[in-house]
Amino acid sequence: MTKHMRFALVMAALVVGLYLSAAVAVSVGTSGLGFRDAAKALLGRAVSPTAAAIISLRLSRVALAMVVGASLGAAGVALQALLRNPLADPYILGVSGGGALGAAIYLTLTSSGMAAFAAFERWGFSGLTLAAFAGSLLASAVVLFAGRKGGHILPGTLLLVGVMVNAISGAAIMALTYLTDVAQSHNIVVWLMGNLGTLSLTRGALAAAAVVAVFFICGLWTVGGRLNLMSLGDEAAAHLGVNVGRTRLVSFVLSALVTGLSVALAGPIGFVGLVVPHITRVFVGADHRLLFPAAAVFGATFLVLADAAARAAFLVFSNPAAPEARPGMELPVGILTAAIGGPFFIWLLRTRRARYFE
Amino acid sequence: MSSAIRAEKVVFSYEGKPAVAGVSLDVPRGGFVSLIGPNGSGKTTLIRLLSGYFRPQEGKVEILGRDTARMSRREMARTVAVVPQETTVTFPFTVEEIVLMGRFPHLGPYGFEGENDVAAAREAMRLTDTLAFASRYVQDLSGGERQRVIIARALAQGAAIMLLDEPTAFLDIRHQVEVAALVRDLQRERGLTVVAASHDLNLAAAFADTLVLLKDGAVFAEGRPSAVLTEDVLAGAYDQEVYVGDCHGQPFVVPRFRGA
Amino acid sequence: MKRLLLAARSTFAALAIFLAAAPVVSPAERAAAPAHVASTSSSVAPAKQYRRIVSFSPGVTEIIYKLGGQDRLVGISSFSDYPPEAAKEKPQVGAILNVDAEKILSLRPDLIISPPGAMAKEKLTRLGADVEFLPDKTLDDLAKSFVRIGELVGRPAEGRALSAELASAVAAAKKRNASRPPVKTLIVIGYEPMWVAGGYGVVDELLLAGGGQNVAGAVRKDFYAVSFESVLASEPDVIVDLTLPDDAEQAARDAIVAFWKRFPTIPAVKNSRIEFVDIDLLTIPGPRLVDGLARLEKALRPQESLAPRPRPADAPSPASGGSGSEPSGARQMTNDASRGGGSK
């Protein structure tokens, strides 16, 4: 089987997987509404208005999970190639620290409550989302400019500066959390856990964000071939005709943008960007031209499923005979991504072909 | 225009210290030149200048009659292939994928390899006897096998000129001979122009047509191996006494160990 | 073996150097003898009265003011902003997270009152004062707190009266609403994620007493982040939003209503039953809870008028006992009693 045939097969399987996981996710939730109701609602048959509203809510959430999962998966691939480091994740170059700091400052300056989010709304995005996005862009810009030496972007320097920016942001956030009142510091801490159930996005805003994210991911896809060559080393890649500096700049900027978008929409959800590239690599190989689309689709699937699990987590405590007593709580999705992704990847390492630096 | 590479008084300094200080070189088409010289004499820097990775701060380099300063990266890659000393591969690429990367300078806008790219890669692997490894991971190969894969990649580039930087540095004697013989066969049978920087004086002497001996960034001696490899010349360049001998017509150099 | 000995010798030398400096360091540590620590569960008969009290809970501050014992209050936590005089007059000593120990020591308190907690215990017990930990999570806790604080500030009668006032307000409300169908209510204290009052604690108890049914009550926590899907599924008839102070701008209220209007399947939204109550009235464990209960009842059933405040069953006669001046609370009770209030 040629490489391309195998890739086509894997992509087909991934897309089918994505649809299946979306179906599962829409059928699961704290209200106990199951697949039958979901199917009825989706097919336009008569359901109660409440059920329709619930399914609609789940759909939005699944859509957001897809956007964020795809963005983080692709960005993870880009960062690992950019830094030639399999431990890299999309947040490592300051994006998460900057986004969190932007959000923390915004939460500190505004009072808690709906007024905060409505007070500054533009284009259907809440002020909090915009503040987080601005913060992550700013942090990325700082890392980009500080990570250069003599006009060249060096991976080692970039990594160190990124870690420093994250540390400084972390310290600032700790200070804010310590000094503000309990309600605001609580908001900050909760935001840091990530929230796919955000209600501050309008449908239009989500659709626009999705289009933009896909655009950035496609942009990353186009430098996939060059990133392949760059994993041979800067000099070897340059000798093969790659403009190393420009490739690095493009991958950095695009992944910072798409990661900043994810952080702004749903907070910093960890682990997806780290583990999805590795898992995808096992099935698709290391060729970045295949890895980007595959990691995007798999990232979307992974996060949709993790979110479904997060929403279903407390259903185990409910008594089917007493639906009124269903605990309406969900786990933060970051817990699930780590809990699922970590062991799965360790298993892959031990049994299959995930291999590095042997 | 019978020279493949011509360097005219090229100068290159790192942070003020001149690594190459006015070197002029003329490599004929189909020739095999070996750059030798002590550590820090500028061999690697000169290779980088000839390959276009560095632009000379003074002087110019011409490849097949064209000034490298005016050539794009892709054009350079189609004309000159470089085999580095050592390669690290961060991600699990197969041998075939690595060799195919050599076709990058020829790929169209969408960056996908066509049939003739795959054919060129396979031919390169056949010539270097690496076809059997095609689906294996590069990380699993031995040093010698890996070096042959890199040469295959350089071949797949389809360039007329091959530059090698200490290609046998980490190989045992059998693999050294293997790689050196391979390169010379490619030169002879395919008209490849070869410039190889080397530590190993004996190997250089056995396989190269011309030796260029560098010292302190300048050409110290140049010519056929038998002319360059003399005790006086070598002692002057390396600051080390040597014995030069001949074994069945093959010259060899042995350092004179004091007190032995 | 040699290495072990070398390590041991170096450790001994290092310790010797550091311990030599020890007597110079931390005289204050030795001065602060372990103080008497009490919690309501182990409290004995009110033995001591205190004159220099530091309050680490806004509720306690309000209680002390209400009981008239504010001249014994020398320091308050930084979140206490009611009554307004408190914030102006009394020095602030930080909050549990960042206790200003030096400030507290400079005030030379003889008693510190705080809600219980491991961090509070760690930070407050070595400041040279007695510490009283008063739980404040349930109405029962509060009833006991009112009494205890009354004892500590030397106004036991007022304390008991306040406790009784709250208890009877709650009892009256329960009685009033016993025959009415409970109103399905969601009490929201935050958004993104949506924080609501759960099935435990003061807010839940007041809601129940006020004739409401807590749709988020399945989770037995005082507050938690609810999944919005459950909010939709539970179809509350009234949404009580606690996120705005009473003096908030109308624009803020409009923004919240606009948010809820995106979900018209919720009965509370369809029938425009989004009510606003100041959070301090329901979550500060102090005397204003009585007002909070009244506001809550009105929010649930706006068309019903509330009966006048009932006469507390066991209020002490103001003429007897009590030290210090007539507290305003007692005077009010006299008025009510003379009016002959509602049903008994």
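Note on naming: letters A, B, ... go to the chains in the order of the sequence lines (proteins, then strands), and numbering restarts at 1 for each one.
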Once you round to the nearest 0.5 Å, how far does [atom1] of [X] lie from [atom2] of [Y]?
{"X": "A:N228", "Y": "B:F93", "atom1": "CG", "atom2": "CZ", "result": "4.0 Å"}
{"X": "B:Q85", "Y": "A:E235", "atom1": "CD", "atom2": "CD", "result": "10.0 Å"}
{"X": "B:R103", "Y": "A:L240", "atom1": "CZ", "atom2": "CG", "result": "11.5 Å"}
{"X": "B:F104", "Y": "A:L229", "atom1": "CZ", "atom2": "CG", "result": "6.0 Å"}

Specify which of [options] makes the most heavy-atom pairs with chain A at under 4.5 Å.
{"options": "B:P105, B:S135, B:A154", "answer": "B:P105"}
{"options": "B:R48, B:M76, B:R78", "answer": "B:R48"}
{"options": "B:V80, B:V82, B:V138, B:I150", "answer": "B:V82"}

Can you pull the side-chain hydrogen bond (donor to acceptor under 3.5 Å, both in side chains) pairs that have at least one residue in residues 244-260 of chain A, sequence neighbours excluded?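 For residues 244-260 of chain A, and leaving out neighbouring residues, the side-chain hydrogen bond (donor to acceptor under 3.5 Å, both in side chains) pairs sorted by first residue read A:D234-A:R248.
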Go through the atoms of [X] and report whether side chain, backbone, both or neither lie under 4.5 Å from a heavy atom of chain A.
{"X": "B:I98", "result": "side chain"}
{"X": "B:M101", "result": "both"}
{"X": "B:R153", "result": "side chain"}

Heavy atoms only: give me the nearest B:Q157-A:H239 pair and the separation to one decimal.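 For B:Q157 versus A:H239, the nearest heavy atoms are NE2-O, 3.8 Å.
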Closest non-hydrogen atom pair between B:P92 and A:R281, with its separation: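 In this case the closest contact between B:P92 and A:R281 is CD-CD, 4.2 Å.
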Tell me whether B:Y14 at atom OH has more than 12 heavy atoms from other residues, nucleotides or ligands lying less than 6.0 Å away.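 Yes.
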Does anything in residues 49-57 of chain B get under 4.5 Å of chain A by heavy atoms, and if so which residues?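 The stretch touches chain A at B:S51, B:Y53.
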